[in-house]
Structure formats: structure tokens, C-alpha cells
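Presented below is the structure to which this report refers.
Naming: A, B, ... by sequence-line order, numbering from 1 per chain. All values below were derived from every heavy atom in this structure, side-chain atoms included, with hydrogens, water molecules and symmetry-related copies excluded.
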Protein chains: 2
Amino acid sequence: MRRGIEFKKKARIIIVDDNYEHLSGIKELIEIESDFDVVATATSASVAISLIKKYRPEIVLMDINMPEKDGLTAIAEIEKLDLGVRIIALTGYDDPDLIFRAMKIGAKGYILKTMASAQLIYAIDEVAAGKIYLPATLSSRFFEYFQQSFKEETENVEDEENLLNYLTQREEEVLDLLTQGITYKGVAQKLFISETTVKTHVNNIFQKLQVNDRTQAVLYALNNGFLNRRKVKIAI
Amino acid sequence: MRRGIEFKKKARIIIVDDNYEHLSGIKELIEIESDFDVVATATSASVAISLIKKYRPEIVLMDINMPEKDGLTAIAEIEKLDLGVRIIALTGYDDPDLIFRAMKIGAKGYILKTMASAQLIYAIDEVAAGKIYLPATLSSRFFEYFQQSFKEETENVEDEENLLNYLTQREEEVLDLLTQGITYKGVAQKLFISETTVKTHVNNIFQKLQVNDRTQAVLYALNNGFLNRRKVKIAI
DNA sequence: CCTTTTCTAGACCATGTGGTCTAAATCTTT
DNA sequence: AAAGATTTAGACCACATGGTCTAGAAAAGG
């Protein structure tokens, strides 16, 4: 926050909100309370995207709760344009799933409409400075959601009923090669065993995983965290 | 931070660090500067795990950079025990990948050894209160890493060179069924077309994806976001 | 030491799969 | 209307794959 020391060009902003009241409210607030330059506003995502292409602002304040084309898809599209626009997501309430998805697709900040005006300005300031802004309460919620989503992923992997647990070491090696789309012959060469041995292993794998062909075996392996296990062992 | 108002049991802590100097330094600091109760310390992850099982502390301070069994796998194991222990990761430098992985497997806080002692106490306080603690600089790095990892995921999907883009509608339908491990006959029945037609489609798919068999086709599809496309369209 | 599991490997057969070619009907697109 | 792409479908063949059974060597566990 070395404001005033370095040369600071006024950040140019576009505000998007389908509610005109909110839109003009935020616009006024920014124009009065800060020295940012609101170059345009839009009440729909599609209009917003054209405006962004035209004006190339540094910052976009994007309301997430909009009918028609919603804010999240709009963010995704803008990010895809790769214009270096930094997007701040705006919303009325703090749904952790919304925050997660917004951050996932590239939002650089997330603020609630209920927040104090000073904090809004501060958030824009931070994001304009290349940082990422999340209010403390939201970042906590974000992390909880983040951890939860990964916990669910790994829970399945460690599940008792994961048929992959019944595979022997050698069978795992064979399955590993199968999940790379390698044929009997290829597996035999890689493991220095005969082709018929590979077939035996593969058949045992099928029985243990209760499937009928390689594709299903590979799919079972992939869906039940087969690749993750070695990652867990080698490097988490 | 309503300290003193509510009834507050002294949080019990176990500290893990292979460097004995650091270990006793942190222990002393906590004992002098706070009212937490350091019930045990350990210089190795395996010892730490036994101690945790025995003492059931509320908080564990875990050094990530340890030889032998490293801190990350230790965290994963402790989380798997599901004892309600809240783990704070400790490290000397702020490697975004390390932070990401620690948070991913369930760390509730992340602090640098170089941080001021008051901040360490504050961090423990927060985590003990059920919150998640990340210093502002680290949370920024975390988010950048987080977004980067998802960006790479989606970049592939939208890539020009994604051979999936060359598939026709019908071919996509067929491939979709292949990724469910369905055979020629099954696909034919589901799509109400002849089995030989399915074979024609499948062969065209192979050529377009430059693969030789179904397994490879399925793997290509999965690795290049085939399933995501419909998700992207429906709900991001 | 003995038992059990795992890994190895062969035979045999039925069928699924992949490669190639041809070709008609049906869209699209210009 | 003509040209091109897509979808449909057949024939034919080589070979990879899957199912089942037997069986010895090696390793693991009690």
C-alpha cells in the first residue's frame, strides 16, 4: 500500500449488475469515494462482454446473481478472452459454493454487497495492485469448502469397499499399464513376463474388480483413485 | 476474539519438529507468551502420531520439512484417524505448492517460522477457535496456485489442438458410451443403429484421436476434458 | 515346516475388436 | 441444384481379447 509513492494510473472499471439501483449505487460510491474511473456499466453479462472488449478496463465488478447469462459463465468467458482484466465477484450472500466456483474460474476478489463502502474501495485497490482480495470470513468459508471437496475425493479412495484393495502388487502393476492403454504384448515386455502370464493377471483383475473388459477395469481404476494411491505414496 | 467472556479451556498442543532447537524454542515461546498447554513434543512424525493417539490434543503444530516420514504424509495420516485434531503446518519458507498440498489434505492453518511470536499465538488462537488461519501473503499465494492449477485443467479442454473438437455429434455420442465401458452391441442398442455402424463410428473416432484401441480413446477423452464439456455447458 | 498366496505359464476356444473398402441415404452448405 | 459432410450399413479378414482350466515355482505367513 505504497499509494502515492509510485506512479499510479487511475484504474479503469466496468461494473455489471442487473439491478439498476445497485449498479448506480456502486458507481456513485466509487466515483465519490475513490479515484477510480468507472468507464462503463452494464445490466447484462452479454453487454458487459462487448464493453470489456471495447474499453479494456483493468477491473470488472461482476454481480454473480443475474438471470439469463449468469455471472459465473460470464467470468469464465471473460477469462477466456485473456485480456488481463481482473474480475471481482459481487454477491448478496456468502454461499461457499459460489465463492469456490468464482475463484476457481479466475475471480481475483470476492465481496459482499453488504460490506462497508470503505472495504469495497480497499478491495478494488488490492486487486488493482495485483493482489487477491477475500474478506476474512469468506476466505475461511472458502477453505472449508475447498478442504471438504478434497476430503470427499480421498474418502472414496480409502474406502473399505474399494475393490482395488484386493489387488496384489503385481496386479496393480499390470493395471497401471492397462490404464495407459498398453496391450498384452506391451505389458509383457515392460514387466519381462510372458504374454499368457499377463492374461492371467488381467483375468484375475477382472474378477476382483467385477468387470468384463479392460475398458471397464480402467474406468473402475480411474474412478476409484487408482492413480492417486501412488501419488499418495510418493508425494501426496 | 471474545476471550475471557466465554468459558475457555486451555487448548492442548503437541509440537512436531525434527530440529530440536526450533522445537524447544517454539515450546518455550508458547508456554511463556500464551496460556496453551504443550502436552508433548516430538522430533519425528511417527512418534508424533503415537503421542497424538495417546494425548488427543486439540492442536498439532507440524513441521513440514522433515526427513524420513515427511510432514505432509504425517498430516494425511493424522487426518485419517479423524480425532478432531486441528493441524497447523509449520515451515521455513512459503512454497505455494507446499501450502496448497497442506491445505488440501486438511491443515487448518499455515505459518512461517519466521513470523513474529505474537502472530504465532494469534494463529493458534484462531485455529483453536475453529477458524482457519493463513497469513495474508500466504493466502494470496495459495489462491494464485489454486487458480493456476484449475486454469491448466480448463486450458486443455478449450485448446485448439484438442482432437475431440474434430468429432461429429454422433461420434461424440458413441465415444460417450465407450467411456462408460459399453461394447459395440450395447452402443448399437442404445443408439438404435446397427453394430457395424457403431464400428464405423468407432474407427473414425480412432483415426481422429490418433489412437489404436478403445482404452486409449477413453483415456484420451478423459484426459482432455470430454466429460467436462457437458458439465461446462450445464453448470461450469 | 507346512499352508496359503502370489506369480508364473501353457493350452484351447469363442468372440470381441480393429483395419480397410465400398456405398447408399440424409443432412448441410453454398 | 451441386458439392461436401455426416450417418448409416454391409463384407472380409487378422488378430487381440476374454473365459476356463491346469500347474509348477517362488514367496509369504503362520
Side-chain angles (χ1 to χ4, degrees), chain A residues 160-224 226-227 229-230 233, chain B residues 160-224 226-227 229-230 233:
Chain A
E160 288 294 321
E161 262 321 298
N162 193 331
L163 299 175
L164 291 172
N165 293 329
Y166 301 134
L167 297 184
T168 68
Q169 179 126 34
R170 201 57 161 171
E171 285 162 357
E172 282 194 4
E173 291 179 59
V174 173
L175 181 54
D176 182 37
L177 295 174
L178 289 192
T179 60
Q180 295 171 39
I182 302 181
T183 111
Y184 281 150
K185 207 170 291 181
V187 175
Q189 284 174 359
K190 292 227 173 199
L191 298 184
F192 303 106
I193 54 180
S194 124
E195 205 174 324
T196 57
T197 305
V198 178
K199 288 179 58 170
T200 309
H201 285 311
V202 170
N203 272 303
N204 291 335
I205 292 172
F206 288 169
Q207 295 210 325
K208 290 188 180 177
L209 301 188
Q210 295 164 23
V211 299
N212 311 308
D213 57 61
R214 349 152 71 59
T215 311
Q216 286 177 9
V218 168
L219 288 172
Y220 187 93
L222 263 37
N223 289 330
N224 292 84
F226 181 69
L227 293 180
R229 347 198 111 210
R230 49 203 64 222
K233 276 168 199 161
Chain B
E160 288 293 320
E161 262 320 297
N162 192 331
L163 299 175
L164 291 172
N165 293 329
Y166 301 134
L167 297 183
T168 68
Q169 179 126 32
R170 201 58 163 171
E171 285 162 355
E172 282 194 4
E173 291 180 59
V174 173
L175 181 54
D176 183 36
L177 295 174
L178 289 192
T179 60
Q180 295 172 39
I182 302 181
T183 116
Y184 281 151
K185 207 169 292 181
V187 175
Q189 284 174 1
K190 292 228 173 198
L191 298 184
F192 303 106
I193 54 180
S194 124
E195 205 175 324
T196 57
T197 305
V198 178
K199 288 179 59 170
T200 309
H201 286 310
V202 170
N203 272 303
N204 290 335
I205 292 171
F206 288 169
Q207 295 209 326
K208 290 189 179 177
L209 301 188
Q210 295 165 22
V211 298
N212 312 308
D213 56 61
R214 349 151 71 56
T215 311
Q216 287 178 9
V218 169
L219 289 172
Y220 186 93
L222 264 37
N223 288 330
N224 292 85
F226 182 69
L227 294 180
R229 344 199 113 211
R230 47 204 72 218
K233 277 167 199 161

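No side-chain heavy atom of V218(B) sits less than 4.5 Å from a side-chain heavy atom of V218(A). The closest side-chain heavy-atom distance from D213(A) to R214(B) is not below 4.5 Å. Proximity of V174(A) to L167(A): side-chain heavy atoms (C-beta onward) are nowhere separated by under 4.5 Å. Using a 4.5 Å heavy-atom cutoff, the side chains of Y220(B) and T179(B) are not in contact.
Applying the salt bridge (charged side-chain N to carboxylate O under 4.0 Å, His left out) test to residues at least two apart or on different chains, the pairs with a partner in residues 193-212 of chain A are E171(A)-K208(A).
As rounded to whole Å, 15 Å separates atom C1' of dA14(C) from atom CG of N212(A). L209(B) places its CG atom 15 Å from the C1' atom of dG18(C), with the value rounded to the nearest Å. Rounded to a whole Å, the CD atom of Q169(B) is 14 Å from the P atom of dC27(C). Y166(A) places its OH atom 16 Å from the C1' atom of dT5(C), with the value rounded to the nearest Å. If you take OH of Y184(B) and C1' of dG16(C), they are 8 Å apart, rounded to a whole angstrom.
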Mind listing the side-chain donor-acceptor pairs of residues 182-192 of chain B below 3.5 Å, one per line with the distance, residues two or more places apart or on another chain?
| unit_1 | atom_1 | unit_2 | atom_2 | d |
| --- | --- | --- | --- | --- |
| T183(B) | OG1 | K185(B) | N | 2.9 |

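Using five terminal pairs a side, the axes of the helix from dC1(C)-dG30(D) to dT30(C)-dA1(D) at its two ends make an angle of 70°, given in steps of 10 degrees.
At the heavy-atom level, T197(A) lies under 4.0 Å from base atoms of the strands shown.
At a non-hydrogen distance threshold of 4.0 Å, K199(B), N203(B), F206(B) from residues 199-208 of chain B come into contact with DNA chain C. Residues of residues 185-196 of chain B having a heavy atom closer than 4.0 Å to DNA chain C, listed by number: K185(B).
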### Message
Set out, in order, the CA-CA distance, both residues' side-chain angles and the distance that settles side chain to side chain contact (heavy atoms under 4.5 Å, CB included) for L175(A) and L209(A), then state yes or no.
### Response
CA-CA 11 Å; L175(A) 181 54; L209(A) 301 188; 4.2 Å; yes
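Heavy-atom minimum distance, L164(A) versus N224(A): CD1-O, 3.5 Å.
The side-chain contact (heavy atoms from CB on, under 4.5 Å) check on S194(A) picks up T196(A), T197(A), with sequence neighbours excluded.
The CD1 atom of I193(B) sits 8.5 Å away from the CD atom of E173(B) when rounded to the nearest 0.5 Å. Atom OG1 in T215(B) sits 12.0 Å away from atom CD in Q180(A) (nearest 0.5 Å).
Contacts between chain A and DNA chain D, taken as any atom within less than 4.0 angstrom of a protein heavy atom, begin and end at dA16(D) to dT20(D).
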